[in-house]
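Here's the structure we're looking at; comments come further down.
Lettering of chains follows the sequences in order, A, B, ..., and the numbering in each one begins at 1.
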Amino acid sequence: METPKTYEPLQAESKWYSYWMDKGYFYSKPDHREAYTVVIPPPNVTGVLHMGHMLNNTIQDVLVRRARMLGKNACWVPGTDHASIATEAKVVQKLRKEGIKKSDLSREEFLKHAFEWKDKHGGIILEQLKKLGCSCDWERTSFTMDPSYSESVLDVFIDLYKKGKIYRGVRMVNWDPEALTALSDEEVLHKEVNSKLFYVRYKIAGSEDEWLTIATTRPETILGDTAICINPTDERYKHLHGKQAVVPLANRSIPIILDEYVDTEFGTGCLKVTPAHDTNDYELGKKHNLETLDIFNANGTLNELGLHYAGKDRFEVRKAIEKELYDKGYLVKTEDHINKIGYSERTDAVIEPRLSLQWFVSMKELAQPALDNVMNGNIKFHPDKFKNTYRHWMENVKDWCISRQLWWGHQIPAWYFGEGPDDYVVAKTREEAQKLVAEKTGKTIDLSALKQDEDVLDTWFSSWLWPISVFDGLTKPGNDEIKYYYPTNDLVTAPEIMFFWVARMIIAGYEYLGDLPFKNVYYTGIVRDKLGRKMSKSLGNSPDPIDLIEKYGADGVRVGILISSPAGNDLPFDTSQCEQGRNFSNKIWNAFRLIDGWEVKDLEQPKSAQKAIAWFEAKFNSELAEINDLFDKFKISEALMAIYKLVWDDFCSWYLEMVKPGYEQPIDAKTLESTKVFFEDILKMVQPFMPFIAEELWHQVRERQEGDDVIIASWPEVKKVDQAVLKGFELAQETITHIRNVRKQNNIANKVKMDMFLKKNAGYNDEFEPVVIKLGNLSQFENTTDKIPNANSFIVQGNEYFIPFGDSIDIEAERKKLEEELEYTKGFLNSVNKKLQNEKFVAGAPEQVLASERKKEADALQKIALLEEKLASLV
RNA sequence: GGGGGAUUAGCUCAGUUGGUUCAGAGCGCCUGCCUUACAAGCAGGAUGUCGGCGGUUCGAAUCCGUCAUUCCCCA
């Protein structure tokens with residue numbers, strides 16, 4: 001035949017993807033159907049597809065494709081995120097390579113470069129997702145800096161400002177001295193590093209030769225010290241209460257203050273306090289009204305307060321000051337010390353805590369509905385356990401610093417008209433600002449005299465509007481789309497961004513539309529390599545997803561990724577899983593080849609085929625019900641595994657073997673038709689996971705009318721399951737397995753037909769005998785009332801089967817086997833009896849448990865009797 | 001330091017309210033097979049102190065306590 005032996009995915013994939021696109025199957029517009037909406041977690045415009053995206057988007061595509069088959073109007077909105085810091089860093093880097101410095105460009109010139117960069121690279125991930133088969137509505141592709149999106153971001157800023165939820169304030173921020181911007185806590189990575197603990201002595205003011213010794217990891221900040229703090233309970237330092245100390249080199253006197261915050265165990269128990277350069281010290285400073293001395297410039301060099309170190313970098317100064325302190329007798333000793341230091345996620349610069357004037361959102365009140373509606377289950381988390389983490393964070397939510405000292409992003413719509421702390425207004429345009437200034441001051445000033453805030457908004461301040469703004473929900477309130485698609489259904493994302501993104505979307509949802517943004521949040525895990533390390537570009541331990549697709553096929557990779565990826569658990573990824581996926585594709589392919597190769601003749605339908613069809617019908621429906629349930633619980637990888645087993649074990653290994661005609665024999669039309677219908681049902685169930693091969697085979701198994709495509713076929717409906725058929729088949733299955741074992745143990749080839757005799761018990765069900773004869777390859781299957789001597793025998797559900805030895809006899813081996821089984825069964829009976837003789841058990845256990853124990857006892861007794869008979873019959 | 005998870009076969013994980021879906025699945029492993037859809041395959045098989053120790057109970061992988069190991073988040 002011309003059908004190849006193995007499935008070749010690549011051609012099929014590009015063919016069917018463009019076919020689906022041409023047919024507009026991914027396109028959605030509001031109609032009478034129930035909406036099913038998913039918004040993609042927008043990847044950064046800087047990114048390339050990595051395994052995390054593969055996992056995340058495969059899950060979304062599975063959900064969307066299944067929803068489409070369930071008759072819903074499925075809409076998956078794709079898009080990208082402008083990613084202020086990361087993108088700006090990339091653009092600066094690229095310009096630097098071309099010999100252009102950012103500082104030489106105007107804001108407008110820089111943004112032009114940035115947009116060029118975005119146009120060139122911004123869509124890479126989305127293009128790659130097409131290779132994976134993602135059925136996004138590409139006509140809806142959004143970008144967080146699209147004009148109307150930007151407008152909604154500014155509107156929200158202005159609105160929150162008017163509501164008093166946005167304020168400007170001095171705060172200790174995480175300062176990135178390289179990027180010259182404040183970072184959110186989430187953008188700071190804490191790493192353990194080997195550093196040194198410096199013990200430095202300070203003279204007690206007014207004393208001749210009295211000293212105290214502090215321990216610090218940052219001796220360069222000594223010049224910014226404004227107090228020494230000790231624990232009031234520390235007996236060692238009672239004598240210092242109320243005194244002052246002199247800062248080395250700076251020769252300033254500073255107070256010695258008392259606070260329980262100080263850990264008496266750490267270092268010397270004397271803490272130097274530098275409120276301008278340490279978060280905890282800043283809090284101490286506020287509490288004790290300390291002076292704040294900022295000794296650094298924005299770029300991490302020291303300013304004039306750094307005395308003779310002015311203009312030098314902080315790390316350079318650390319070395320130099322160590323020497324100077326030593327030379328002048330202040331340095332008592334140094335110790336090796338391990339501590340955690342914050343690094344910029346983007347530039348890897350050491351974060352400098354810095355006091356700075358920033359914009360904040362006050363979160364406490366805004367967060368309340370977002371907390372309540374997750375805790376009460378209006379929004380469901382999968383897995384549920386993440387609610388705990390969420391609650392803890394939301395109950396202790398801190399104000400959100402939303403300004404970033406960057407150009408790429410949404411420029412803050414605040415306009416300054418003077419130098420005073422209050423000389424600004426918040427407005428969308430310069431003209432509106434002019435009006436507001438007039439209202440505020442009574443004076444009309446020139447448009448050109450207004451200076452817009454230089455900073456842009458935190459990227460999350462735009463992405464928190466994503467489920468709303470992709471439908472223009474704020475710029476065109478109440479439009480048809482927002483009414484139809486919002487709230488969206490399911491969000492698939494990583495637990496790492498539960499706070500910066502998920503929580504904030506929920507907040508924005510309730511604040512602006514008075515409703516939840518999505519009903520379910522499915523948290524994926526982190527994709528790790530074999531060694532348990534997170535897959536990342538910097539480690540170089542991630543396979544290139546596109547290479548994987550080329551090697552194993554998109555369907556194979558999708559299966560490989562999902563086959564062992566329960567919600568919320570990390571996914572230890574190995575390419576062997578893709579191999580498993582590819583093998584599964586191939587299995588389906590070959591099942592098709594078998595069916596496709598059958599020649600139809602006008603024959604009577606064999607009994608075995610009739611029974612096989614009845615059984616698979618029942619089996620399919622009971623599995624379908626189970627799979628639907630797994631989907632409803634978002635147990636996606638378990639649903640996939642159930643489908644995998646249904647296809648491989650039940651359909652291929654059992655069903656097809658039962659209906660398969662002999663070599664080069666024709667098949668009857670009825671059986672062929674039933675088989676094709678089953679196969680089509682299987683393709684439907686496989687479609688969400690393996691869309692390409694499903695579509696390919698859907699079109700090969702039958703001639704199709706225009707528009708009869710599996711991607712839009714109806715998901716099978718669960719029909720009533722005939723439990724009796726399932727039960728009856730179990731007996732046949734067990735019997736066949738025993739027959740195969742007899743063959744194996746006696747080295748009897750499958751081709752050799754065997755005789756079998758049955759001594760049946762009362763409840764015996766003979767329905768599947770034709771199947772047993774076919775798959776057991778029996779020449780005869782007769783009833784007997786007597787035991788057959790010198791035969792292999794086994795017992796299934798109390799029925800005794802005999803396969804005469806024929807020529808090959810090994811009575812001793814048989815005897816040994818029977819004795820072992822007898823021994824085991826007696827032991828089992830003993831354990832059951834123990835329970836039944838325990839009066840407390842009999843009194844306390846429910847009736848159904850007792851009944852099952854009694855049945856166990858009866859079964860065991862019967863089996864023992866049979867085994868003993870058999871032993872006796874061996875001659 | 002605070003909070004939240006996790007610990008079941010060699011690996012990755014299921015295991016609802018304690019009791020026949022109770023010790024499971026997939027992969028891997030072992031043993032036979034080039035059986036006429038598929039060796040990317042077929043058939044068969046083995047594997048566990050359910051992290052340790054206590055407790056509650058007639059009965060614990062499951063509930064409670066405690067210890068250990070480990071991951072994540074926050075400071």
Side-chain angles (χ1 to χ4, degrees), chain A residues 1 3-7 185-186 190 263 266 279-280 283 340 342 383 385-393 395-396 398 494-496 498-499 525-526 528 530 532 534 552-553 556 560 563-566 568-574 576-598 629-630 633 635 637-638 640-642 644-645 648-649 652-653 656-657 660-665 736-745 747 749-752 775 777 834-846 848-853 855-856 859:
Chain A
M1 288 284 271
T3 319
K5 234 171 142 175
T6 50
Y7 171 56
D185 289 344
E186 292 80 11
H190 293 272
D263 179 0
F266 185 82
T279 316
N280 296 316
E283 294 302 323
K340 280 200 171 170
K385 65 182 180 188
F386 285 113
K387 275 165 82 174
N388 293 333
T389 321
Y390 181 83
R391 181 183 56 218
H392 189 255
W393 194 79
E395 281 174 351
N396 298 287
K398 277 179 257 148
E496 301 154 57
M498 189 190 300
F499 308 125
I526 296 168
R528 297 180 181 278
K530 266 186 183 167
K534 184 173 173 172
Y552 299 104
I563 197 81
S564 85
S565 177
N569 271 22
D570 285 357
L571 166 63
F573 181 80
D574 189 76
S576 70
Q577 290 160 242
C578 293
E579 211 173 304
Q580 192 183 353
R582 179 203 59 183
N583 293 355
F584 187 40
S585 305
N586 204 44
K587 187 72 186 174
I588 299 171
W589 179 257
N590 276 291
F592 164 73
R593 282 215 309 145
L594 176 67
I595 298 167
D596 191 49
W598 286 335
D629 185 55
L630 290 169
K633 291 174 179 156
K635 298 191 169 190
S637 60
E638 284 184 58
L640 171 59
M641 183 55 76
Y644 181 91
K645 286 196 278 192
W648 201 305
D649 299 345
C652 293
S653 295
L656 287 178
E657 290 300 328
K660 183 160 126 182
Y663 181 50
E664 292 191 332
Q665 299 290 307
I736 291 160
T737 301
H738 273 105
I739 296 169
R740 286 171 175 165
N741 264 325
V742 168
R743 285 184 185 277
K744 173 134 177 147
Q745 278 161 11
N747 268 320
N750 292 322
K751 299 179 220 187
V752 179
L775 295 195
N777 198 20
K834 254 200 228 160
K835 268 194 229 174
L836 287 172
Q837 281 155 16
N838 182 336
E839 282 170 29
K840 283 183 177 168
F841 172 77
V842 178
Q848 126 206 12
V849 175
L850 271 178
S852 92
E853 291 298 319
K855 183 165 188 313
K856 276 190 210 170
D859 288 350

Hey, what do you get for NZ (Lys645(A)) to SG (Cys652(A)), rounding to the nearest 0.5 Å?
15.0 Å
Ring geometry between Tyr390(A) and Phe499(A) (parallel below 30°, tilted from 30 to 60°, perpendicular above 60°)
parallel
C11(B) and C50(B): how far apart are their P atoms, nearest whole angstrom?
15 Å
Might you point out which heavy atoms bring Pro4(A) and Trp589(A) nearest each other, and give the distance in Å?
O-NE1, 2.9 Å
Just to confirm, is there a sub-4.0 Å distance from OP1 or OP2 of G5(B) to any side-chain nitrogen or oxygen of Asn388(A)?
yes
Could you please name the option among A37(B), A14(B), G5(B) that lies closest to any side-chain atom of Lys385(A)?
G5(B)
Taking for each residue the nucleotide of RNA chain B with the nearest heavy atom, is it Thr6(A) or Met641(A) whose nucleotide lies nearer the 5' end?
Met641(A)
Tell me which nucleotide among A40(B), C73(B), A37(B) gets nearest to the side chain of Asn590(A).
A37(B)
Looking only at atom P, what distance separates C72(B) and A46(B), rounded to whole Å?
39 Å
Any idea if U49(B) is syn or anti, going by the 90°-from-0 cut?
anti
In whole angstroms, the gap separating P of C38(B) from CZ of Phe592(A) amounts to 14 Å
Interatomic distance, Asn586(A) CG vs A37(B) P [rounded to whole Å]:
14 Å
Below 4.0 angstrom from OP1 or OP2 of A25(B), is there any side-chain N or O of Tyr644(A)?
no
Atom pair distance, as rounded to whole Å: CG in Asn741(A) and C1' in A46(B)
13 Å
In whole angstroms, the gap separating P of U12(B) from CD1 of Ile563(A) amounts to 16 Å
From Asn590(A) atom CG to Lys5(A) atom NZ, the distance as rounded to the nearest 0.5 Å:
8.5 Å
Watson-Crick or G-U wobble partner of G44(B), both distances under 3.5 Å:
C30(B)
Ignoring backbone atoms, establish whether Lys645(A) has a side-chain N or O less than 4.0 Å from OP1 or OP2 of G24(B).
no
With both distances under 3.5 angstrom, what nucleotide forms a Watson-Crick or G-U wobble pair with C50(B)?
none
Using whole Å, report how far CD of Glu579(A) lies from P of G26(B).
18 Å
Strictly below 4.0 Å: does Trp648(A) bring a side-chain N or O up to OP1 or OP2 of C42(B)?
yes
Nearest-0.5 Å distance, OH of residue Tyr7(A) to CZ of residue Arg593(A)
15.0 Å
Think Asn583(A) has a side-chain N or O under 4.0 angstrom from the OP1 or OP2 of G41(B)?
yes
Does OP1 or OP2 of G44(B) have a side-chain N or O of Arg740(A) closer than 4.0 Å?
yes
Remember a base hit wins even if backbone is also touched, and classify Thr389(A) as base, sugar-phosphate or nothing at under 4.0 Å, heavy atoms.
sugar-phosphate
Are Thr737(A) and G44(B) close enough that a side-chain N or O sits under 4.0 Å from OP1 or OP2?
yes
Is the shortest side-chain N/O distance from Lys5(A) to OP1 or OP2 of A39(B) below 4.0 Å?
yes
Taking syn as a glycosidic torsion within 90° of 0 and anything else as anti, which one is U20(B)?
syn
Would you say Lys587(A) reaches C42(B)'s phosphate, i.e. side-chain N/O to OP1/OP2 under 4.0 Å?
yes
Indicate whether OP1 or OP2 belonging to A43(B) is found under 4.0 Å from a side-chain N or O atom of Ser653(A).
yes
In whole Å, I'd like the distance from the NZ atom of Lys387(A) to the P atom of G5(B).
12 Å
Please state the P separation for the pair U12(B) and U70(B) - nearest whole angstrom.
16 Å
Between G54(B) and G15(B) - C1' atom distance, rounded Å:
25 Å
Sort out the partner of C63(B) for me: Watson-Crick or G-U wobble, both distances under 3.5 Å, none otherwise.
G55(B)
Comparing Lys633(A) and Ala591(A) on RNA chain B - which has the more 5′ nearest nucleotide:
Lys633(A)
For nucleotides G41(B) and U47(B), find the distance between their C1' atoms and express it as a whole number of Å.
24 Å
Check every strand shown and say whether Lys635(A) touches a base, only sugar-phosphate, or nothing at a heavy-atom separation below 4.0 Å.
sugar-phosphate
Side chain of Lys398(A): nearest nucleotide among C42(B), A75(B), A37(B)?
A75(B)
P-based separation of U62(B) from G52(B) [nearest Å]:
10 Å
Measuring only the P atom in each nucleotide, how far is G1(B) from C67(B)? A whole number of Å is fine.
14 Å
To the nearest angstrom, the CG-P distance between Asp596(A) and C38(B) comes to 14 Å
Output for pair (Cys578(A) SG, Arg582(A) CZ), nearest 0.5 Å, gives 10.0 Å
Using every non-hydrogen atom in the two residues, find where Trp598(A) and Lys660(A) come nearest and quote the distance to one decimal.
CZ2-CA, 3.9 Å
Using only heavy-atom distances, decide whether a donor-acceptor pair under 3.5 angstrom links the side-chain of Glu657(A) to the base of A43(B).
no
Pairing nucleotide - U12(B), Watson-Crick or G-U, each distance under 3.5 Å:
A25(B)
Heavy-atom closest pair (Thr6(A) atom, Asn586(A) atom, distance to 0.1 Å) is CA-OD1, 3.2 Å
Separation of Gln580(A) atom CD from C38(B) atom C1', in whole Å?
16 Å
Say you pick atom P in C63(B) and the same atom in U20(B); how far apart are they, in whole Å?
16 Å
